[in-house]
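Below: one structure, written as structure tokens.
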Amino acid sequence: MSSSTPRPDDEAVEAGAAGRDFIRDIIDEDNRTGKHGGRVATRFPPEPNGFLHIGHAKSICLNFGLAKEYGGTCNLRFDDTNPLKEDERYVRAIEEDVRWLGFEWDAEFHASDYYPALYDFAVKLIKQGAAYVCSLSDEAIRQYRGTVTEPGTPSPDRDRSVDENLDLLARMRQGEFDDGTYTVRAKIDMANPNMKMRDPPIYRIRHASHHRTGDAWCIYPMYDFTHCLSDSLEAITHSICTLEFENNRELYDWFLDTLEVQYHPQQIEFARLSLAYTVMSKRRLLRLVEDKYVHGWDDPRMPTIAGMRRRGYTPEAIRAFCEKIGVARRDNLVDLAFLEYCVRDDLNPKVPRAMAVLRPLKLIIDNYPEGEGETLTAINFPDDPPRMGERTIPFCRELYIEREDFMEKPSKGYFRLAPGKEVRLRWAYLVTCVSVTKDEHGEVTEVHCTYDPESRGGSPADGRKVKGTIHWVSAAHARPAEVRLYDRLFTVPSPDAEEDFTAVLNPESLQVLEAFVEPSLAEAAPGLRFQFERQGYFIADPDGTKDRPVFNRTVALRDGWAKLAKANVTQG
RNA sequence: UGGGGUAUCGUCUAAUUGGCAGGACAGCGGAUUCUGGAUCCGCAUGUCAAGGUUCGAGUCCUUGUACCCCAACCA
């Protein structure tokens with residue numbers, strides 16, 4: 001078959017739908033064989049012990065996306081079985097993030113909703129002789145478990161009678177015992193080569209208040225026991241999780257088989273997302289927040305959904321990213337450039353342009369009348385002028401330009417401003433540098449130019465070509481603004497591999513600049529996005545005030561000159 | 001050293017199930033441009049290794065190698 005003949009799903013891919021992957025293959029096959037009666041029911045099951053990150057976004061897009069594509073359902077389920085680490089605050093943050101990403105769940109559940117049912121299942125297991133109450137300490141349990149190469153040894157309580165187990169469980173539940181004195185364990189196989197099958201604990205005593213059930217319980221079910229049964233109770237068809245739960249699947253199936261539940265969902269594992277130059281475990285992210293390496297869960301440097309939102313990323317960009325990286329089972333480390341591409345690609349057509357000077361250098365037009373000024377017209381979206389209209393910008397004799405846009409001794413290929421060189425001031429005039437003034441350190445403090453009055457708007461009357469165009473703001477009208485530049489949080493691609501990941505934090509991940517912005521930007525409401533021409537995409541931050549807006553750089557523009565300059569340097 | 005997994009351009013990911021190894025990002029070159037942006041065109045780069053089966057192997061077989069996960073009363 002010719003390669004130019006489109007395959008059936010090529011159109012779907014082009015239409016923006018997610019691509020093919022092994023999970024969709026499994027579902028197609030299940031639908032073909034009628035395994036779940038053609039039903040597709042997924043769930044996104046976060047533990048409310050931290051904020052969601054980009055790795056969760058991948059899972060969210062997968063689970064909700066599958067439900068949408070197959071006309072199924074997707075629940076939001078909080079896996080809240082550990083009262084010590086969980087909090088209502090995280091529940092609210094997670095709900096907000098999922099909605100912001102553009103998904104709405106069919107039903108919201110909490111594992112804690114199932115505590116009574118789960119307790120009954122534990123009783124049933126005991127009655128079946130498939131679980132027992134164990135009095136071993138956590139250390140003892142660990143020792144009895146053996147190692148990966150040596151079998152474990154049975155707990156002395158393994159053959160406790162059903163009646164005694166039932167009595168002990170009831171008393172555990174009544175609060176008769178202290179934390180750590182007893183656990184309920186599944187009775188499986190202490191010599192099983194799969195460590196997860198060596199009589200895993202399913203209930204532990206924790207005299208702690210739960211954010212939803214308060215003090216109603218002092219015993220809490222554990223993950224393996226809770227998760228499969230929650231899935232079953234919700235009649236989930238495809239229980240999608242990450243690869244590290246692969247060993248748990250045998251246990252997942254064991255509980256459901258042993259308890260002979262009506263619905264036996266299928267657990268399917270996929271490789272979690274790793275993003276270069278950041279960490280993705282909630283444990284480490286929590287550490288960054290608690291030890292104040294960042295300013296909170298929503299710090300724009302964080303890989304959290306909240307951080308990316310504040311940074312200016314859009315839900316569309318994040319969704320596109322999650323679809324483009326695909327779903328597979330091999331370990332991966334996704335390039336930061338790929339995420340940034342998705343962000344630029346989304347922002348480029350929908351964000352208006354503006355001018356801001358981040359590192360100001362004064363430019364004086366010697367032949368422009370002192371004390372006079374004029375108003376020029378700038379187009380908000382040059383690639384499609386009618387679409388976002390135009391705005392006016394004030395111009396006068398003294399301006400600020402970017403320090404980077406002037407070089408006293410221009411290097412090869414530099415076509416911005418330099419002594420004797422002519423450039424275009426964006427939307428304004430052509431200017432030629434005639435002299436510079438310097439301070440006592442030899443630092444250039446002012447650039448003097450003459451302008452061509454016949455080039456108003458930026459087009460010279462004689463049609464001569466000027467290679468360089470630079471941005472500027474009128475010194476008399478410029479508004480001060482704080483600009484926050486973000487860089488990768490870590491200096492190495494895989495900080496997780498480091499002994500101490502905090503040792504490789506990037507000290508320059510945040511740079512705060514005192515910038516000048518064009519007047520139209522002064523009152524930008526928080527959340528408004530702009531492309532500062534030639535620099536990048538920015539979003540107005542809630543920290544801004546009426547007289548002093550704050551802009552976060554979402555992502556820089558690709559910089560061809562920086563690349564060229566770097567190549568020149570390495571060449572010698 | 002036990003068990004469970006995974007290996008395809010630098011990166012992410014496909015390959016109609018044994019039939020020309022494709023796409024995207026990154027890179028490089030060119031065109032174009034009032035953003036060194038965007039856009040357009042083009043180029044280069046890959047099947048973990050060694051054997052075997054076959055007209056034909058990324059795909060099947062054998063033997064290796066590398067990496068990931070599992071010994072929390074976390075999820």
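These numbers come from a predicted model, not from an experiment. Lettering of chains follows the sequences in order, A, B, ..., and the numbering in each one begins at 1.
Counting any heavy atom pair closer than 4.0 Å across all strands shown, A:Gly468 reaches no nucleic acid atom. Among the atoms of the strands shown, base atoms are found under 4.0 Å from some heavy atom of A:Glu533. Within the nucleic acid shown, A:Tyr203 has no heavy atom closer than 4.0 Å to any nucleic acid atom. At a threshold of 4.0 angstrom between heavy atoms, the contacts of A:Thr81 are confined to the sugar-phosphate backbone, with no base atom among them. At the heavy-atom level, A:Val327 lies under 4.0 Å from the strands shown only through sugar-phosphate atoms. Within 4.0 Å of A:Phe22, counting heavy atoms only, lies no atom of the nucleic acid at all. At a threshold of 4.0 angstrom between heavy atoms, the contacts of A:Asp138 include nucleobase atoms, whether or not backbone atoms are also involved. Residue A:Tyr341 is in sugar-phosphate contact alone, with no base atom involved, counting any heavy-atom pair closer than 4.0 Å across all strands shown. Counting any heavy atom pair closer than 4.0 Å across all strands shown, A:Asn248 reaches a base atom.
The side chain of A:Phe338 sits closest to B:C25 out of B:G3, B:U35, B:C25. When the nucleotides B:C12, B:G36, B:U35 are ranked by their closest atom to the side chain of A:Tyr414, B:G36 comes out on top. Which of B:A75, B:A14, B:G36 sits closest to the side chain of A:Ala328 comes down to B:A14. You'll find that the side chain of A:Asp335 is closest to B:U11, out of B:C74, B:U11, B:A71. For A:Asn82, taking side-chain heavy atoms from C-beta onward, the closest of the listed nucleotides B:C74, B:C73, B:A71 is B:C74.
Two residues, A:Leu243 and A:Asn49, neighbour RNA chain B, and the one matched to the more 5' nucleotide by heavy-atom proximity is A:Leu243. Taking for each of A:Pro382 and A:Gln143 the nucleotide of RNA chain B with the nearest heavy atom, the 5'-most of the two is the partner of A:Pro382.
Look at B:U39: its Watson-Crick or wobble partner, with both distances under 3.5 angstrom, is B:A31. Shown here, B:A72 forms no base pair; nothing in the strands shown gives a Watson-Crick or G-U wobble contact with both key distances under 3.5 Å. Pairing partner, B:U54: none, since no Watson-Crick or wobble contact has both distances short of 3.5 Å. Taking a pair to require two hydrogen-bonding distances under 3.5 Å in either a Watson-Crick or a G-U wobble arrangement, B:C67 pairs with B:G5. Searching all strands for a Watson-Crick or G-U wobble partner of B:A14 with both distances below 3.5 Å returns nothing.
Look at CE on A:Met195: it is 13 Å from C1' on B:C69, rounded to the nearest Å. Summarising the geometry, the separation between CZ on A:Arg185 and P on B:A72 is reported as 12 Å, rounded to the nearest angstrom. For the pair A:Leu336 CG and B:C25 P, the computed distance is 16 Å after rounding to whole Å. Look at CD on A:Gln267: it is 15 Å from P on B:A75, rounded to the nearest Å. Rounded to an integer number of Å, the gap from OH of A:Tyr223 to C1' of B:C74 is 11 Å. Protein atom CG of A:Asn192 is 13 Å distant from nucleotide atom C1' of B:A71, rounded to whole Å.
Between the side chain of A:Arg353 and the base of B:U35, at least one donor-acceptor pair of N or O atoms lies under 3.5 Å. No N or O donor and acceptor, one from the side chain of A:Gln535 and one from the base of B:U35, sit under 3.5 Å apart. In terms of polar N and O atoms assigned as donor or acceptor, the side chain of A:Asp331 never comes within less than 3.5 Å of the base of B:C67 in a complementary pairing. Residue A:Asp383 places a side-chain atom within donor-acceptor reach of the base of B:G37, judged by atom type and a 3.5 Å distance cut-off alone. Put simply, the side chain of A:Asn247 and the base of B:G3 share a donor and an acceptor less than 3.5 Å apart. The base of B:G36 lies outside donor-acceptor range of the side chain of A:Arg534, with no N or O pair under 3.5 Å. Scanning atom types as modelled, one donor and one acceptor separated by under 3.5 angstrom connect the side chain of A:Arg330 and the base of B:U8.
Here, B:G23 and B:U45 have their C1' atoms 15 Å apart, quoted to the whole Å. Taking atom C1' on both B:U54 and B:U62, the two are 16 Å apart, rounded to the nearest angstrom. Separating the P atom of B:U63 from that of B:G2 is a span of 15 Å, rounded to the nearest Å. A gap of 9 Å separates the C1' atoms of B:G58 and B:A15, to the nearest Å. Distance noted for atom C1' between B:A7 and B:C73: 37 Å (whole Å). The separation of B:G56 from B:A14, taken at their P atoms, amounts to 29 Å, rounded to a whole angstrom. Rounded to whole Å, the P atom of B:A49 lies 10 Å from the corresponding atom of B:U59. Spacing between B:C61 and B:A66 at atom P, rounded to whole Å, works out to 22 Å.
Put simply, A:Arg142 has a side-chain N or O that comes within less than 4.0 Å of OP1 or OP2 on B:A72. OP1 and OP2 of B:G3 both lie 4.0 Å or more from every side-chain N or O belonging to A:Arg249. In this structure, A:Arg206 does not reach the B:A72 phosphate: none of its side-chain N or O atoms is under 4.0 Å from OP1 or OP2. For A:Arg558, no side-chain nitrogen or oxygen approaches OP1 or OP2 of B:U35 to under 4.0 Å. Between A:Thr147 and B:G2, a side-chain N or O to OP1/OP2 separation shorter than 4.0 Å is absent. A sub-4.0 Å separation between OP1 or OP2 of B:A7 and a side-chain N or O of A:Arg329 is absent. The shortest distance between the side-chain N/O atoms of A:Lys563 and the OP1/OP2 oxygens of B:G27 is below 4.0 Å.
A 6.0 Å sphere centred on NZ of A:Lys421 holds no more than 12 heavy atoms belonging to other residues, nucleotides or ligands.
Residues A:Ala356 and A:Phe532 share a closest heavy-atom pair of CB-CD1, 3.5 Å.
A:Trp472 does not carry A:Arg426 over the face of its six-membered ring by the limits of under 6.0 Å from the centre and within 45° of the normal.
Here A:Phe551 and A:Phe538 keep their ring centres 6.0 angstrom or further from each other. In this structure, A:Tyr115 has its ring center closer than 6.0 angstrom to the ring center of A:His210.
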Steps toward side chain to side chain donor-acceptor pair (under 3.5 Å) verdict (A:Glu234, A:Tyr114): CA-CA 10 Å; A:Glu234 291 174 27; A:Tyr114 307 131; 2.4 Å; yes
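Taking the six-membered ring for Trp and thresholds of 30 and 60 degrees, A:Phe78 and A:His110 have nearly parallel ring planes, at less than 30 degrees apart. Using the six-membered ring where Trp is involved, A:Tyr252 and A:His227 have ring planes that are tilted, between 30° and 60° apart.
In textbook terms, a nucleotide whose glycosidic angle is within 90° of 0 is syn, while B:A24, being further out, is anti. Annotated as anti: B:U39, whose glycosidic dihedral deviates from 0 by more than 90°.
Across A:Ile188, A:Asn248, A:Asn247, a single residue satisfies side chain to side chain contact (heavy atoms under 4.5 Å, CB included) together with A:Met197, and that is A:Ile188.
No side-chain heavy atom of A:Arg353 sits under 4.5 Å from any side-chain heavy atom of A:Asn380.
Put simply, A:Trp561 rests on the base of B:G36: the two rings are less than 5.5 Å apart at their centres and nearly parallel, under 30°.
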